[in-house]
Amino acid sequence: MNTIPARTWVVAECTGPMPEAIQQLWHELCAEFFPTSDYTPTYEMDIEAYPDGDMLSPDYKS
């Protein structure tokens with residue numbers, strides 16, 4: 001069983017067709033969010049949730 005480490009986590013909603021939407025979200029987090037915040041990414045792990053639905057829809061949320 002894996003353990004999720006105690007950290008401060010960024011929770012971000014992703015909207016759009018996969019995989020482009022998640023790639024764009026990661027770009028925005030690394031290029032815009034982290035450089036302007038007091039947080040530093042550890043790149044140790046991330047948790048992504050992909051609910052049922054049309055992953056190619058422009059309205060898909062993950």
Side-chain angles (χ1 to χ4, degrees):
M1 182 167 97
N2 292 331
T3 302
I4 298 173
R7 301 275 191 271
T8 298
W9 294 83
V10 173
V11 178
E13 183 177 86
C14 183
T15 303
M18 295 296 141
E20 295 86 359
I22 193 67
Q23 293 167 349
Q24 179 63 34
L25 177 60
W26 271 109
H27 172 76
E28 291 170 7
L29 288 171
C30 293
E32 298 171 24
F33 174 76
F34 286 117
T36 61
S37 74
D38 291 330
Y39 298 104
T40 303
T42 63
Y43 299 109
E44 293 176 58
M45 67 181 297
D46 69 280
I47 300 169
E48 299 175 10
Y50 297 94
D52 289 339
D54 181 1
M55 293 179 78
L56 300 178
S57 169
D59 299 323
Y60 180 74
K61 294 190 183 307
S62 58

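This structure is a prediction, so every number in the text was calculated from the model and none was measured.
- In this structure, Trp9 belongs to a hydrophobic cluster whose other members, linked by side-chain heavy atoms under 4.5 Å apart, are Ile4, Met45, Ile47.
- Between Ala31 and Pro35, the shortest heavy-atom distance links the atoms O-CG, 3.4 Å.
- Contact annotation: the side chain of Tyr43 approaches that of Cys30 to within less than 4.5 Å [non-hydrogen atoms, C-beta and beyond].
- Nearest heavy atom pair, residue Pro58 against residue Pro17, reads CA-CD, 3.8 Å.
- Shown here is Tyr39, whose OH atom has no more than 12 heavy atoms of other residues, nucleotides or ligands within 6.0 Å.
- Partners of Glu32 according to the salt bridge (charged side-chain N to carboxylate O under 4.0 Å, His left out) rule, which considers only residues two or more places apart in sequence or in another chain, do not exist here.
- Considering every non-hydrogen atom in both Ala21 and Thr15, the closest pair reads CB-O, 3.8 Å.
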Inset, instruction - Evaluate side-chain contact (heavy atoms from CB on, under 4.5 Å) for Phe34 paired with Thr40, printing each intermediate quantity in order. - result: CA-CA 6 Å; Phe34 286 117; Thr40 303; over 6 Å; no
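- Atom CG of Asp38 sits about 11.5 Å away from atom OG1 of Thr8, to the nearest 0.5 Å.
- The side-chain heavy atoms of Cys14 and Tyr60, taken from C-beta on, include no pair separated by under 4.5 Å.
- Atoms CG and CD, from Leu29 and Gln24 in turn, are 10.0 Å apart once rounded to the nearest 0.5 Å.
- Rounding to the nearest 0.5 Å places CG of Leu56 at 8.0 Å from CD of Glu20.
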